Amino acid sequence: MPDPSSSSGDGYDYTEGASPLDIQQALDNESRSRRDSRYGEDGDAMFDGPGHSVNPSSVSRMTLRDYARRSSGHSRSRRRSEDSMSRDGRPRSRRMSRDSTDGQGGAENGHGRWSEQDVTGESGVEGEDYGRTSRGRRASQSPEASRSNVFGGLASIFGRSVPVTESPPRSRRTSLSSRASRSRLLRRHSSRRSDVSSDYAVDDMSEDGDDRWGYTSNEEDESSGDEADIASVAPSGSEMEYGSYPPSPGPSLPLLTGDPIFGSEARIDMGELEPLPPPPAGPPSRQTMYITDEDAHIRMIGYEPIPWRQWLWRLSCILTCGILALLGRWFPTLWLRWVTRERAFVDIRQGFVVVETAYRDIAIFTISQLDYPYSISTVFSTPPDPAQLLPKYRTGDADAPLTTLTYIDYRYNRFALDPRTGLFSMIRDWRDSSWKNISAVQSGLQTPVRTQRSALFGPNLIDIEGKSTVSLLIDEVIHPFYVFQIASIILWSLDDYYYYAFCILLISAISIVTTLVETKQTIARMREMSRFICTVNVYRDGSWSECDSSEIVPGDIVNLNEPPLATLPADMFLLSGDAIVNESMLTGESVPVTKIPIKNDDLARWQDCLDVAGDMAKSFLYAGTRVVRIRGALTIDGRPGAPALGLVVRTGFYTTKGALVRSMLFPKPTGFKFYRDSMRFIGVLAGVAGLGFCASAVQFVRLGVKWHTILIRALDLITVVVPPALPATLSIGTSFAIGRLRKLGIFCISPSRVNVAGQINVCCFDKTGTLTEDGLDILGVRAPERNVNRFGELLEVIHDLPASRDKANFLHALATCHSLKMVDGEIIGDPLDVKMFEFTKWTLEEGHVAGTGVVKNKSGGDRPAALVQTVVRPPGSAQFRIEDALKGAGRHAHFLELGVIRTFEFVSALRRMSVVVKRLKSTSMEVYVKGAPEVMAEICDKSSFPQDYDDLLSYYTKRGYRVIAMAGKSIEGLTWLKAQKLRRHVVYPCSESGLQFLGLVIFENKLKPGTTPAIQTLRAAHFACRMITGDNPLTAVSVARECGLINPAALVFAPNFIRGNASSPFSKLEWSSMDEPSWTLDDYSLKPLSPPAHRLIDTEELESQDYTLAVTGDVFRWIMNHAPLETMQRMLVKTQIYARMSPDEKNEVVERLQGLGYTVLMCGDGANDCAALKAADVGLSLSEAEASVAAPFTSRTPDISCVIEVIKEGRAALVTSFSCFKYMALYSLIQFTTITLLYSFASSLGDFQFLYIDLFIIIPIAVTMGRTLPWPRIHPKRPTASLVSKKVLASLVGQIIITSAIQFWAFFWVRSQEWYTPPVPKNPNEDDDKLEATNYENSALFLVSCFQYILVAAVFSIGPPFRQHMWTNGWFMLSMVCLCLFNILVLLNPPAPVAKLLELMPLPGSARATLLLAVVVNVLTSMAFEHYGTPAVSHVIGKLFELRRRQRVRDGKIYKTVEGGMR
């Protein structure tokens, strides 16, 4: 720490003789006033870009608790008291919104344990019901995360149906779009309650108030006790396999395994837990919890195996050769129903808990116990509701010591069982009751307490448990597709079909090994990113000692100075000293944040808070944040004193960083129609195989074929119709697309999203750093010319600014009105402040250079305080000492120094900040204000404004410039002490008292070079483009017009409240044109009303008038909460500009658009839009810093041109997947037709015929088929994503009919020839199981079908407008040409070895020519049908589909209906 006198000697006393007691009182006043000065808290500062927030009040779906959303004006009121009183006036208990609730009832009274109602807004309307969230803790061993299942939708998890008490109504919008979107969007804002089935429940729950949809405001004086809902780190119904399975109660403990090909893309159409029948009598055996940081409800059910059933199951598994065990793993409900019975949690001895998510995923966790001879209050700090106590605890000691602690570990959260209620609670919400004030925690921990907490919370590590290679291998091999492949290989081996079996085995092995390597690498990357250990100095047992950061526990006191910390190891409160940290890892904002010591009131309030809220955020140090600077306290003489100390409050996976890591481990499942339809289509193919075999089996029996041969033939027919290579084939196009994207600098960590990118129809963009350059450049300043009362010219150099004789002048305002800090010789702070200060060319020093004052502490003892926060000097004066200036020539410019005495930090509601400044040797002080130009009229003398103020302001804002206004005044005789006692409203007196307007500072935010071409390309392709930004709407609209996102001729309508505000449900909006304020929209239909009189527009032109909407965050919040459903939907469809949006609101816009049926791409810089990037169907991050975990796609290209490439490759990959799927389906059906015809007389294809078709024709074509490049331009029409679309069905059915017809003709034609000889009937007594392959029917069908396999590949190789022409794919054309030439050779003149190997019969030359002619007819017919017949047939099918139009709307295409209604 630098010496306080190093720069300024003894310094200049800015306090002018104020006593230490006066200084103390002034500082106390300032500390209270700081509550009203949170810098950029709402993320909508007029100069803070997309929300430069000092405190991570909303960690963009990454906070651990229900901390208030950064959206101004929501249903919660600023009027709530800081003590957060409940309705009967008692302090609100944390348990009222945290613990699990009783599913059969609850009490809502003064002690209301399950819900509470608070007044909202100015109108006093009751707002949302805040129930209790559950608690959680990391697991020492991550349990197996059951990935989503291939057949997950085929059977419900628990098939019994009976209603249970769930969360109360969550929103007025019960018909937003579908149950999925309703659940996904609304559920996280519902009252957080648990559904507990118990005989001891109280059935008197009442529901008052309107539980509105939405978030909460984060006003300056919001109570820290307000528990708000936050969209937390993305939840998952599918858990990744980072843990290991619990011990199996059977041969295999069934968990729902995931499907990397089909199971993880479909946008889930379910979000509600299915109802169950009534639970058994007795203590609770079920519990429904809301997990905040997963944004999901889970249901926990206790089970215990029935021993005799368990042994019977094991025996059955053995008798069925493990088939039953596999079925039990794929369908866990099967195992649960047969083997177990439901059991109360407290009565389980050898059982387990089933955890079910709303996404139909279930996982089974064994109940663990540990020796825990400590008080029950050390685990459950909140007393339970007496109504939920079990009988034996209703009269006993509520705080009796435990002997063992019963718990389960779920996704690194530990749920402990409270023996008093029989319910689980997340231990992360435990609070130490002794944390009343700073003095109570300064003594640190004693060893016994540390041992107890270490046992409860585990080590302070974010340690991802990796599964062993063997375990991962087993999990991969028992995937249904690989099981099918293994079964096929066994079958082929039994049939002596070794060659192809070996090839498929080799391909499968390579695929499995590749998957294993990628999984291990992913786990290694995640472990490296999340695991962190350092050495810390901890105060324990009355002395300081060093230990690993993994050993610290909540309650430890950590020395933050020694050893120096580069990264914080745990969530802590700062007890002493000050700190500057970079929280960009959590908030996305790179602006360093200043932390101050915690106050006693805030520390005590932590007891009743679910997460950091209010002023305590200014003292909270988040784990994983980078330390910029930490300083200890100062001694009385200004020298370094006590070190900076931190109180550990959360460790390991409980921290905010832990929540972020969990969001990466357990991402929310998304959905894609193609994969769902493909599974259904495979089911149809399997049905076709069954029908075909039934027909063949009858003939086999008639022909006397042995039963085991019939069985093998039946199974073989299934492998023909459902080819085992199908999953690998479908991923080929995606693999090529990812490779091409990688060459373009675009990296993908979620291959399945490539196909989803082909269906994008809405592109959302952040503005700053995405559409525009990252930083703002100062264009210049404009100061008024007093003599003409107009603005002067734009000054681009500070030296051109005219000198002013006024004490309060523009230059001094530019130099002092900021919140910058100096760290290691570098100025840090808001980038805009930095640019503004650098423009002045002045120098800045920290306030400690001016010395310190002695402050009397209320609790006794003295503590120092810096008398000046910041000192600035003009260029050339920094080398002079202050005492030289005092002795020297008075007011010479070289000795000019300005000291910032007081800072009123930026407040979003006021949209301004101010400083109190004293000039060296001056008798007065100056007040400088910096803020939005619109608010200056309220605080400045009207006469000080130039006449062209409004015109100039409009000129710059409409052209996209960021404008900041400066004002100031001089207060004569204001002393340091009086300045400390100033209140903020005194600094902003009534307008007649007169701040003087000083000038405007103009910043420019330049568009990136690639922005406009990319937007024009997207608009030309009829993509809907949206801008979602934290910037102001005028700037956003200007940038949108400049880049072409908005049609230059389009009118832009923006809403304003003409009655009420964003928190009142009875407010009224007026939508007026930003260019023609007198032109408005109907506030319900959002259609233009009659234009102003001077606008001569006829009715037809009015109806076709192109217009768009620009909505701010507060209006968006009000519309979500209170507007009619139709208005809300129309707003979402018509709005192109979302301005002043917080990170959570950005995420909500994306989810709302998805709820209307859009497929959404979100492109951002990976900073404060992480939540939106994760929520979008396709998230594309332009940030390279750990961006791979923020979005599925990461681009090194610094502009949005990469969006074009992702969409082009996505469309090409999607079309390729369709082509490959149709090709594989038709290949199967062609071969199925061939084999079915041959089965009719007990014949089949030979082994080498199968091998030639499968290995030498199908694989080369299927692999090279996907290499076709994307079409260079984006077509306005999207490719279909449904296998049941009319065009796909028409093409498939038509080609099946044509190819089958040719084969039937060849079969009957060859039999009608005079040279035909019937095959010799097989002797039934022979032991040979092989079907005879050498016959004329076989040869004819084989030769024709070989051409058909190549033909359909050409037919299905779709070219423009999504892929380039087939002939541009060199490898594909080479494969086709070579195969065609070889097939012609085999047909017309086969070499003897080839004919023998393929078991071909000798055919006459005329017969060969006839077959070749049939092939030509087949080619011409198929090509003609694909080009001419398919459109005609699809048109007919389309007419039939018209009958299902309403159903399609219900399936999620609401936006089409809304768009139609607005025409």
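Quick caveat: nothing in here was measured; it's all calculated off a predicted structure.
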CZ on Phe1116 to CG on Leu1132, rounded to 0.5 Å = 6.0 Å
Flag the pair Arg1140 and Glu1145 as a salt bridge only when some basic side-chain nitrogen lies within less than 4.0 angstrom of an acidic carboxylate oxygen.
-> no
Check: Tyr949 side chain, Pro933 main-chain N or O, donor-acceptor pair, under 3.5 Å = yes
Measure the shortest side-chain to side-chain distance between Met1074 and Val1037 over non-hydrogen atoms and say whether it is less than 4.5 angstrom.
-> yes
Compare all side-chain heavy atoms of Val915 with those of Val927 and state whether any distance is below 4.5 angstrom.
-> no
Begin with the C-alpha distance, continue with both residues' side-chain angles, and end with the deciding distance and a verdict on side-chain contact (heavy atoms from CB on, under 4.5 Å) for Val1001 and Val963.
-> CA-CA 6 Å; Val1001 187; Val963 181; over 6 Å; no
Distance only, no hydrogens: is a donor on one side chain within 3.5 Å (strictly under) of an acceptor on the other, for Asn1061 and Ser1064?
-> no
Indicate, with yes or no, if the rings of Tyr961 and Phe1003 have centres closer together than 6.0 Å.
-> no
Considering only heavy atoms from C-beta outward, does the side chain of Leu1086 approach that of Leu1109 to under 4.5 Å?
-> yes
Between Glu938 and Arg912, is the closest basic N to carboxylate O distance under 4.0 Å?
-> yes
Under 4.5 Å between any side-chain heavy atoms of Lys1087 and Leu1081, yes or no?
-> no
Are any non-hydrogen side-chain atoms of Thr903 and His818 less than 4.5 angstrom apart?
-> no
CG (Leu995) and CE (Met936) are apart, to the nearest 0.5 Å, by 8.0 Å
Leu1153 and Val1133, any side-chain heavy atoms less than 4.5 Å apart | no
When rounded to the nearest 0.5 angstrom, what is the spacing between CD in Glu1459 and NZ in Lys1134?
-> 8.5 Å
Hey, are the side chains of Ile1002 and Arg962 touching, using non-hydrogen atoms and a 4.5 Å cut-off?
-> no
The side chain to side chain contact (heavy atoms under 4.5 Å, CB included) partners of Phe1057 (sequence neighbours excluded) come to Ala1062, Ser1067, Leu1069, Asp1114, Val1115, Trp1118
Between the side chain of Ser944 and the main-chain N/O of Phe997, is any donor-acceptor distance below 3.5 Å?
-> yes
With distance as the sole test, does Arg1041 use its side chain to make a donor-acceptor pair with the main-chain N or O of Ala1050 at under 3.5 Å?
-> yes
Does the pair Thr1112 and Tyr1138 meet the rule for a side-chain contact (heavy atoms from CB on, under 4.5 Å), with working shown?
-> CA-CA 6 Å; Thr1112 54; Tyr1138 296 91; over 6 Å; no
Show your working on side-chain contact (heavy atoms from CB on, under 4.5 Å) between Val929 and Cys817 and close with a plain yes or no.
-> CA-CA 7 Å; Val929 181; Cys817 198; 5.7 Å; no
Could you check whether the rings of Trp606 and Phe620 sit parallel, tilted or perpendicular, using 30° and 60° as the cut-offs?
-> tilted
Sub-4.5 Å side-chain heavy-atom contact between Thr1080 and Ser1073 = no
Approximate separation, where rounding is to 0.5 Å, of Cys1025 SG and Phe765 CZ | 5.0 Å
Any sub-3.5 Å donor-acceptor pair from Thr1127's side-chain atoms to Tyr1084's backbone N or O?
-> yes
Spacing of Cys940 atom SG and Lys969 atom NZ [to the nearest 0.5 Å] | 10.0 Å
List the atom of Ala1036, the atom of Thr1029, and the distance in Å for their closest heavy-atom pair.
-> CB-CG2, 3.9 Å
Using a strict cut-off of less than 4.0 Å between a Lys/Arg side-chain nitrogen and an Asp/Glu carboxylate oxygen, indicate whether Lys1146 and Asp766 qualify as a salt bridge.
-> yes
Can you measure from CG (Leu1045) to CG (Leu771) and round to the nearest 0.5 angstrom?
-> 7.0 Å
Would Trp1071 and Met1131 count as a side-chain contact (heavy atoms from CB on, under 4.5 Å) if you check the C-alpha gap in whole Å, the side-chain angles of each, and the deciding distance to 0.1 Å?
-> CA-CA 11 Å; Trp1071 298 78; Met1131 181 275 293; 4.1 Å; yes
Ion pair present between Asp833 and Lys930, side-chain N to carboxylate O less than 4.0 angstrom?
-> yes
Closest heavy-atom pair, Gly1155 versus Ile1454, reported as atoms and distance to 0.1 Å, is O-CD1, 4.0 Å
